Amino acid sequence: MELTLWTYEGPPHVGAIRVAASMRGVHLVLHAPQGDTYADLLFTMIERDGKRPPVTYTTFQARDLGASTAEKFLNTLQAAYDHHKPSLLLVADSCTAELLQDQPGTLAETAGLPVPVVPLEMAAYSRKENWGASETFYHLVRAVLSAQRNAEEKPRDDGSSNRRRTVNLLGPTKLGFRCRDDIQEIQRLLQSVGIGVNVVAPLDADIHDISRIPEADANVCLYPEVALTTCTWLERNFGQPVIRTVPLGFGATQDFLAELAGVLQVDISAEAVADCRLPWYSRSVDSTYLTGKRVFVFGDGMHAMTCARVAQQEMGFEVVGLGTYSREMAREVRAVAKELGIEALITDDHMVVEQAVSELRPELVLGTQMERHIAKRLGIGCAVISTPAHVQDYPARFSPQMGVEGANVLFDTWVHPLIMGLEEHLLHMFRDDFEFNDHAAPSHLSHGEGTLMAVEDTNVVALEGVHWEDGAEKELKKIPFFVRGKAKRNTERYAEEHGLTAIDIETLYEAKAHYSR
Amino acid sequence: MTADVIAVSEVTPERFQPLQERGQRAVFCGLTSIIWLHRKIQDAFFLVVGSRTCAHLIQSAAGVMIFAEPRFGTAVLGDRDLAGMADCHDELDRVVAQVLARRPELKSIFLVGSCPSEVIKLDLDNAAGRLGREYEGQVRFVSFSGSGIETTFTQGEDNCLASLASDLPEDTTSEERLLVVGTVPDIVEDQFRRLFSQLGIEHVDFFPGSQSTDLPAVGGNTKLLLAQPFLGETLRALEGRGATLLPAPFPLGAEGSEAWFRAAANAYGVTVEKQQAVLQPPLQRAKAALGKYHSELSGKSFSMLPDSQLEIPLARFLARECGMTPKEVGTPYFDARVMAEEVPLLPSGVDWVEGQDLDPALDRVRATRPDLTVCGLGIANPLEAEGLRTKWSIELLFTPIQGFEQAGDLAELFARPLRRERALEVGSWS
Ligand code: SF4
Ligand code: SF4
């Protein structure tokens, strides 16, 4: 048993629903009690889907247990088929049904439906949502392709012809982070370098598209949490190489194109990324103030790793913490952290993450919806880079994270919670102006949204057992309010560590010297 | 599985027989009640013993994440727990100790059963007894089921209060006590208290109250007023303690609120003059507030998909006080006893449905195209996308809607989607 207050991922069957909901003509019959139907609202409310996800729940009740849950499953399966007429059915157990051992997969095979039925095993008591999505995608692709395997073994191209190269973009799903926009951006990028997109899946794909996957020259594993298992299987069985670089960030987009060029044996001009504004924006003097800003990065494995690189190399931040809740990606994330000279935080316990953030005292948090809450509580600016995300992270505007435009979006979004460079100087210069007071926040931040007021507000009370002497308190007030909270905290921490009960001006400056780098 | 929905021509308690529908349900499970119960009972922690699904349900159904550390959590069962029952109780003890270490100020812990804990027959009553003895004098342990195989949505509160009922102290005085049963927002509770006191009704308790240590006494002199329409089990448990029910409709709308207060006033022998003097001013205010919505709502049709058990009293309110026309009204289950005073007030010519079969029910909504469909969060946007206007029902549990002063707010909840449709010029819904 594990005490869980908030969870980063849902159960594995939610991953299965994500895959089904992403596709056309696929329906999932889920053996589950009625409460599990809450999953619908993830799609219709968070992602504002105009359709219910294509899932029928058996909604068995206590009175069905023992005798008739299996029968209920079969009836539901038939009714779902009759009503929705899908071209492929997925069947799975939810956590409760797993305990009943009705074996819906085996039952479904006996039902004699005229469409392929793919049974899924969701391992609800050890696995989670992304794993569920990965398993579902893999079993679905395997089921469709195994049926036609050998039938049409396409001769692989020798690389000499001028045939246009194509790739598949694998892994985007509903409820993923900005998948819809990423796909659009990557398609545009590939088109600009003359590479075709054969199939995008699962998002918007149908079974026919899945059957065409082997026709591409390579598979781009865009979202490894969902697609890596499938890509690896395709590599083994269809000899399709896997493009592993995820084009998230300016440098990663260049590397992605380089990897494509190597694997597909084509020339790709550097011009493809020339119109990206991130490099110039980051080099412009206004951005000097971004230098060395302490950043904490947490998310799913892929987003955490790629964003850490952007933060460090492309924004000039200092990544002071990096972690993921994706245990499947722990090894890779640890390696990236090691390169950054830090230790990765691999946990799905948000309380542990909160502890780490409050100890590291970053100036910016790049995280999920959970870290947004943590950051809000600690009075630190935050930008969301990964699921789990809130409805506002599914914006109306085009807002990719990947590719050229994605890099631009990252720059804008991450800078926003920080105070603008010039404005920082002005705040300092005019702090004694009578019209300017401690309650004025930078103009682009509405009240309570940014990092500063919150720092003030959360720190009005001194640490227990530490007393501020008058002189020190007055001195503290002279420090610009946007760094005052930090100065206060540092001083108190310093006093505590040195066993001081009173803080005088001396302590204040000793602490300042101690913490300055 | 599905039969045709038939109209009930004449509504009398005897003849009110909703059509039974069986099939796919789209209702939350009882765990959802924790979202408002934990706000109300401020010294308690709700510990679900369940799966990651259960944890995910509560956090998703709440829609927003409660900013501070929540007073609920899930002890998520893992493969290890399922392997052998023996250590499940040890594990639970460990998790409880963890919760108490983080929050030593807690006075009560509710152990909430889920589908997985019930299927593996983890005995939480037993665990509550054992833990109760272990933490004797510090923390009270109560268990109840919020599982989806036993409960729908608001039934979680019913089970919670029913299990607390046996813990209420025995009333040994000879005074008459009034017990208002069902979670209402604090603002509503305060309004109700003022009116009861103006009516001269003393010894009024609310159950649940904000402190789990401060449980109201109950006994043969206790009279019950139900503030919520989903408390059948709680009612039976309190009757088992000697209390008697004051039959009344629910305090929704001006009419419902008036009848509800009068039920209490009559039972306490409050004179007609005094009742008039106390109840008229808020009643007139409520009517005035509702009057403003009449032109917006009257003549509009609505359907309700089964959700919170509030459907029947709300349909009564919308039909009688807002002039709306119910087409089909579904409710997860029908408790004749609890609804006894509502049924005679219901309009005829409505298709009443008990239970659910989602796909056919949605097809009927598509066919009849009501002006407004009251439904769960999962279904609202899909219906909007098909050109239908909706009101999500969960808001009816999170916002203050009971009593005179909230009658206008209640109408507003239904009027807003319709007003929005008129206000927007971004392409039509239909
Ligand atoms: S229906 Fe059962 S398994 Fe699902 S969330 Fe509710 S209690 Fe948990
Ligand atoms: S506090 Fe803000 S971010 Fe958190 S749930 Fe509410 S709206 Fe979303």
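Just so it is clear: chains get the letters A, B, ... in the order the sequence lines come, proteins before strands, and each one is counted from 1. All of these numbers come straight from a predicted model, not from anything done at the bench.
- With a threshold of 4.5 angstrom between heavy atoms, A/Leu3 approaches chain B through its backbone and through its side chain.
- More than 12 heavy atoms of other residues, nucleotides or ligands lie within 6.0 Å of CH2 in A/Trp131, so this atom counts as buried by the packing criterion.
- With values rounded to the nearest 0.5 angstrom, B/Lys121 atom NZ is found 11.0 Å from A/Leu99 atom CG.
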| task | Check step by step if side-chain contact (heavy atoms from CB on, under 4.5 Å) holds for A/Leu42 and B/Ser60. | result | CA-CA 7 Å; A/Leu42 304 171; B/Ser60 309; 3.5 Å; yes

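- Here the straight-line distance linking atom CZ of B/Arg22 with atom CG of A/Asn75 works out to 14.5 Å at 0.5 Å rounding.
- Proximity to chain A is absent for every atom of B/Val48, based on heavy atoms less than 4.5 angstrom apart.
- For A/Glu129, the part lying near chain B is the side chain, with the backbone staying farther off; criterion is any non-hydrogen pair under 4.5 Å.
- For a residue to count as touching a neighbouring chain, one of its non-hydrogen atoms must lie under 4.5 Å from one of that chain's; by this rule A/Val391 does not touch chain B.
- No side-chain heavy atom of A/Thr59 sits under 4.5 Å from any side-chain heavy atom of B/Gln356.
- Between B/Cys115 and A/Pro33, the shortest heavy-atom distance links the atoms SG-CG, 3.6 Å.
- Contacts between A/His13 and chain B at a heavy-atom distance below 4.5 Å involve the side chain alone, from C-beta outward.
- Proximity of A/Arg52 to B/Pro382: side-chain heavy atoms (C-beta onward) are separated by under 4.5 Å at one or more points.
- In this structure, CE in A/Met1 is found 5.5 Å from CG in B/Leu122, a value given to the nearest 0.5 Å.
- Contacts of A/Asp82 with chain B are absent, with no heavy-atom separation under 4.5 Å from either backbone or side chain.
- Here the CD1-OH distance, from B/Ile394 to A/Tyr38, works out to 13.5 Å after rounding to the nearest 0.5 Å.
- Applying side chain to side chain contact (heavy atoms under 4.5 Å, CB included) to A/Thr44 and the options B/Asn381, B/Ile379, B/Leu377 leaves one that passes, B/Asn381.
- Counting heavy atoms from C-beta on, the side chains of A/Tyr125 and B/Asp81 never come closer than 4.5 Å.
- No side-chain heavy atom of A/Trp6 sits less than 4.5 Å from a side-chain heavy atom of B/Ile58.
- Side chain of B/Gln24 to backbone of A/Gln34: no donor-acceptor contact under 3.5 angstrom is found.
- Here the CG-CG distance, from A/Asp40 to B/Leu358, works out to 8.0 Å after rounding to the nearest 0.5 Å.
- Going from atom CG of B/Asp359 over to atom OG1 of A/Thr56 covers 5.5 Å, rounded to the nearest 0.5 Å.
- At a 4.5 Å heavy-atom cutoff, the contact between B/Leu92 and chain A is made by backbone and side-chain atoms alike.
- In this structure, chain A has heavy atoms under 4.5 Å from both the backbone and the side chain of B/Val27.
- When heavy atoms are compared at a cutoff of 4.5 Å, A/Thr37 approaches chain B solely by way of its side chain, counted from C-beta outward.
- In this structure, no portion of B/Phe46 lies under 4.5 Å from any heavy atom of chain A.
- A/Gln61 has its side chain out of reach of B/Glu150: every pair of non-hydrogen atoms, C-beta onward, lies at least 4.5 Å apart.
- Residue contact with chain A, scored on non-hydrogen atoms closer than 4.5 Å, involves the backbone and the side chain of B/Thr152 alike.
- In this structure, a donor-acceptor pair under 3.5 Å is present between the side chains of B/Arg52 and A/Thr7.
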